Amino acid sequence: MRAHVFRVLAEKLDRLFKSSHEHNIVVGTERRIVRLHKLEAAGLDILKAAGIELDNRPGLKGADLLAAIRAADGAIVRSGTRITGELLESPGRLRCVVRAGVGVDNIDVPAATRSGVIVMNTPSGNTVSAAEHTIALLLASARHVPAADASMKAGKWDRSKFLGTQVAGKTLGVIGLGRIGREVARRAVGLDMNVVGFDPLVTPEKAAEFGIKAVATRDELLPKCDFLTLHIPLLPDTKDFIGKRELALMPKGARLLNVARGGIVNEQALADALANGHIAGAGLDVFEEEPTPANNPLLKAPNIVLTPHLGASTVEAQEAVAVEAANLLVDFLTRGVIQCAVNMAAVNRAEMDEMRHFVDLARRLGMFQAQTAVGSIRKATLQFR
Ligand code: MLT
């Protein structure tokens, strides 16, 4: 009797394994991705060379977006497309979403994780461009470049109105000492600025390598800043990270820059601080709502330099992120290699080659469990080393 049960079970498992292999997109031969934004030619060439079918659907919305996503193994997106929990609820054959860029706040990452969809980003391609744009806003704000330009074009020659401030010898506070924050710091040191930084994940020794004097808290940093720049993601914890209270902690006449994400600086609080003169100027590239609505209080605020999310908008950065994104997709869809995932531990190629058989074993055990368990599985605990 027991032998019979095991034989039946073995046959059943065998059929299951065969069918799972037929449907396994990682090792299968047909791979299709949907591109929801423009991708530079260098990235397209990589996908083409790997034999990946490309469904070009920029600007797709609603039911069409859902259908296109469900029919693809991977999707490639920029910040303009929202990959919502609803889209990810029943993802069809979708196995990964690659964000050509850094911020993944346009993707419902917890929903992706629940559906087994891997979310990857391209963390390095636009670092330098974002850092350079921060410096551009820093200098533009310190020297009133856009306002002076507009004034001249209006036929004026108003030298006294645009008295600026020198940045050399001033203190730049950097919140967030990741790739971009560090590159901004290096450039600021080159401008003879003193750089202080706050990032709970970076040691003072590491910060010092980039010429940054680390402080332990945001509130310790703010009173030191002649200029403040933020390089942190938008998360529930960082929403309104700089609000009325924090702006009040900055010295009168300080300036603020944000090339990271809208929402980490409270827009009304900043507009008020600019209007009452406590904050002397600001340079912003990102907004809580993008494209920014006409009634955003910052559009009418004094002494503010605004750009429409141009941090990564350089020929070099766009090409670099396209290549990075295409390589991530090809590696994952053709070899099962996962890199730069934001909802899975990073696994490098060599480790992945070693782990592949264990991953396969875990998948088979999961299917076995699903067949033999009584009732529905409500919770699974994964232990790994
Ligand atoms: C990024 O997150 O990579 C930049 O903000 C640029 C973008 O959103 O495309």
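Numbering of residues begins at 1 and proceeds along the displayed sequence. Numbering of ligands and ligand atoms starts at 1, following listing order. Please read these numbers as outputs of a predicted model, since none were measured by experiment.
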Item to check | Members sharing V305's hydrophobic cluster (side chains within less than 4.5 Å) | outcome: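 ILVMFWY cluster around V305 also holds I135, L137, L138, L139, V167, L172, V174, L177, I180, V184, V189, L191, M193, V195, V202, F210, I212, F227, L257, V259.
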Checklist entry - Got the residues with a heavy atom under 4.0 Å of ligand 1, by chain and number? => result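 Ligand 1 pocket, heavy atoms under 4.0 Å: S79, R99, G101, V102, G103, N126, R261, H309, A312.
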Item to check | Flag for Q339-D331: side-chain donor and acceptor within less than 3.5 Å | outcome: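 A pair is found: one side chain offers a donor N or O, the other an acceptor, under 3.5 Å apart.
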Item to check | Test side chain to side chain donor-acceptor pair (under 3.5 Å) applied to R78 - qualifying residues, sequence neighbours left out | outcome: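 For R78, the residues satisfying side chain to side chain donor-acceptor pair (under 3.5 Å) (neighbours in sequence not counted) are Q318.
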Next on the checklist: Here's one to test your reading of the geometry: is the NZ or CZ of R218 within 45 degrees of the ring axis of F241 and under 6.0 Å from its centre?
Outcome noted: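 Here R218 passes the 6.0 Å and 45° test against F241.
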Next on the checklist: Quick test of your reading: applying side chain to side chain donor-acceptor pair (under 3.5 Å), list the pairs with at least one residue in residues 166-178, sequence neighbours left out, ordered by first then second residue.
Outcome noted: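 For residues 166-178, and leaving out neighbouring residues, the side chain to side chain donor-acceptor pair (under 3.5 Å) pairs sorted by first residue read T165-K170.
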Checklist entry - So does K48 pair up with E53, basic N to acidic O under 4.0 Å? => result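 Salt bridge: no.
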